[in-house]
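Working notes, structure below.
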Amino acid sequence: MAEARRFSVSAMPGFRAITLAAFAMLYAPIVIIVVYSFNAAESISVWGGLSLEWYGRAWENEQVQEATVRSLLVASLAAAISTVVATAAALGTTHGAPFPGRTFIYAAINQPLMAPEIVTAVALLIVFASVKVATGYTGLGYLILAHSAFCVPFAYLPIRARLEGMDLSLETAAADLYATRWRTFRRVTLPLMAPGVAAGAMLAFVVSLDDVIITEFVKSAGQDTLPTYMLGQLRRAVTPEVNAISTALLGLTVILLTAFFLLSRKRD
Amino acid sequence: MQRQAAVEARGARKVYGSGPAAVAALERVSLEIAEGEFFTLLGPSGCGKTTLLRLIAGFETPTEGQILIGGADVTADPPNRRPVNTVFQSYALFPHLTVAENVGFGLDMLDKPKAEVRATVAEMLALVKLEAMASRRPTQLSGGQQQRVALARALAPRPKLLLLDEPLSALDLKLRKEMQSELKRLQRETGITFVFVTHDQEEALTMSDRVAVMSGGSIQQVGAPREIYNRPVNRFVADFIGETNFLQGALEEGGFRLASGALVTLSDDARGGRPSGAAATLAIRPEQVRLGAGGEAGLPATVSETVYFGTDTHVHARLADGAEVVVRLQSPPSGEIGLSPGAAVTLRLPAEAVQVLDD
């Protein structure tokens, strides 16, 4: 009887209705955009039959092609750079003796998660504007740098989680078996942290691919990424082409995030 | 000792922390372990035995003193430059490598030729009877098998010294007994010096050539198992190893005067030249006390309790002054010792079984 009286959320009145409503709120808009991406009609709200026309149009649109290449380039480089930085940071904060100010370091690394993105965007806009004037360089470097910076905490968290779960006696054992520090890292630490590093890189890639605010402020003329291109399109005439691009982007993200969850699952 | 010591600690001291928070885990310990010895560091947790092991392995640097291996001062050497391998309490097997790769890891790091590594790995796996498991991952093995892989991995580079940090504590009783004789066999066959850390006195007594009993960061006594058990140098050793009856009293011309007034005869060895009048403690093992019927010559006592243990029965008897003495008797075939609480008995403490410990 004591078992039956235990508090249970699922026994509360309206549980089923609230649950269904919550899931509907989460998924209905996405389902609608996916469905309408296959709409043959010109309108984004009137159904005109099944078609792949808008995928074809998006595929052939030069602006979309350029934005896609740019997005993938920025996301790849930002993921690579932020993962290297995050790996070093994770090793520094989990391995070795605790040092004064370690909590402060955690907070500092995770700053991009806490500072409002719009503030960071405005700050970067101002800083980069003066740098652009001083150097004359207006290339993609600013975008890559800005993305790398805000991707660091996303790469850092899964790597740190992996390292914290690592048995430190394994490194002691490697040293005991004549491995130098470098070889201990190469042969033991790195292979064991690899799933965390891969997961961190994927998360950073997805976060960079999806970014609008900072990109919108930092990009120079003609440097649209896929999300800022879509935003630009929505300001003018809205065509189902945006639905098609959104659905493609969603597909890519789901694949990467699935891989991320598989990698960050604890291996036994 | 004329022979070169396999390992030597000279005034090794280890302090953790600094200032008022400093804790000395090890107090200026000096110790020599001979080549080919099975040497055990025995003591309760926090006695400093693992710290001493870690100093020898090089995982910690002593605050003071030196560590010598084969006569060479290695105090400043990192673990990877010491000819020492360790079997860890948690085994610390590399989960991303196969059993064979684990066993070959040390030789690999020493840059031995591939063919030699392969041959040695095969030899080691045969030694611990795990040939069939070579390509498995450690997580696919049972606890006992992982234990044997850890042993093979540590033995493969043929270290001068093998350190074992409570390696059997995670195994169940039956497997532990098996591994105890397995370890003895491996030590005999390889001739490598073993330094074994344990808190289990039975393990220490059955396996070791010599035992160092440690407490509070210091070595209390070093000796062969029989010596440690039969001639403990102080109350801690007598109490930690096996069970002991302690009786208060003072030395006299003819022997040891108990608080109850009775006089116990001492051997010259037990007396050890102590002067009359000195207060001391008398120690005797429960199995050495002789039990007779009430009224016989000896110490009169009253049975307070009998406890049946299977092979043995313990009789708790109270002397005139209230001091309790435990007597261990072999249980008779019926299992009934025939003594009930309140029965009058006589205890005799044979002179050759009595020890005197300074207070």
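Just so it is clear, the structure is predicted and the values come from calculations on it, not from any experiment. Chain A is the first sequence line, chain B the second, and so forth, proteins listed ahead of strands; every chain is numbered from 1.
- Around atom CZ of R186(A), no more than 12 heavy atoms belonging to other residues, nucleotides or ligands sit under 6.0 Å away.
- Once rounded to the nearest 0.5 Å, the distance linking CG of L168(A) with OG of S90(B) reads 10.5 Å.
- The shortest side-chain heavy-atom distance between L192(A) and P95(B) falls under the 4.5 Å cut-off.
- Counted within 6.0 Å of CE on M12(A), heavy atoms from surrounding residues, nucleotides or ligands total 12 or fewer; the atom is thus considered open.
- With a 4.5 Å cut-off on non-hydrogen atoms, L97(B) does not touch chain A at all.
- Both the backbone and the side chain of D176(A) have a heavy atom closer than 4.5 Å to some heavy atom of chain B.
- Interface remark: of the candidates R82(B), Q89(B), M109(B), M109(B) forms the most heavy-atom pairs closer than 4.5 Å to chain A.
- Heavy-atom distances place both the backbone and the side chain of T86(B) under 4.5 Å from chain A.
- Atom CZ of F88(B) sits about 9.5 Å away from atom CG of D167(A), to the nearest 0.5 Å.
- Residue-environment remark: CZ (R102(A)) exceeds the threshold of 12 foreign heavy atoms within 6.0 Å.
- Residue Y178(A) forms a side-chain contact (heavy atoms from CB on, under 4.5 Å) with just one option from L107(B), D108(B), L110(B), and that option is L110(B).
- Looking at R187(A), both its backbone and its side chain come within 4.5 Å of chain B, counting heavy atoms on both sides.
- Both the backbone and the side chain of F94(B) come within contact range of chain A, judged by heavy atoms closer than 4.5 Å.
- Interface remark: of the candidates V188(A), L177(A), T172(A), L177(A) forms the most heavy-atom pairs closer than 4.5 Å to chain B.
- Contact count versus chain A (heavy atoms, under 4.5 Å) is highest, among A150(B), P83(B), G106(B), G58(B), for G106(B).
- Residue-environment remark: OH (Y16(B)) exceeds the threshold of 12 foreign heavy atoms within 6.0 Å.
- For R153(B), the parts lying under 4.5 angstrom from a heavy atom of chain A are both the backbone and the side chain.
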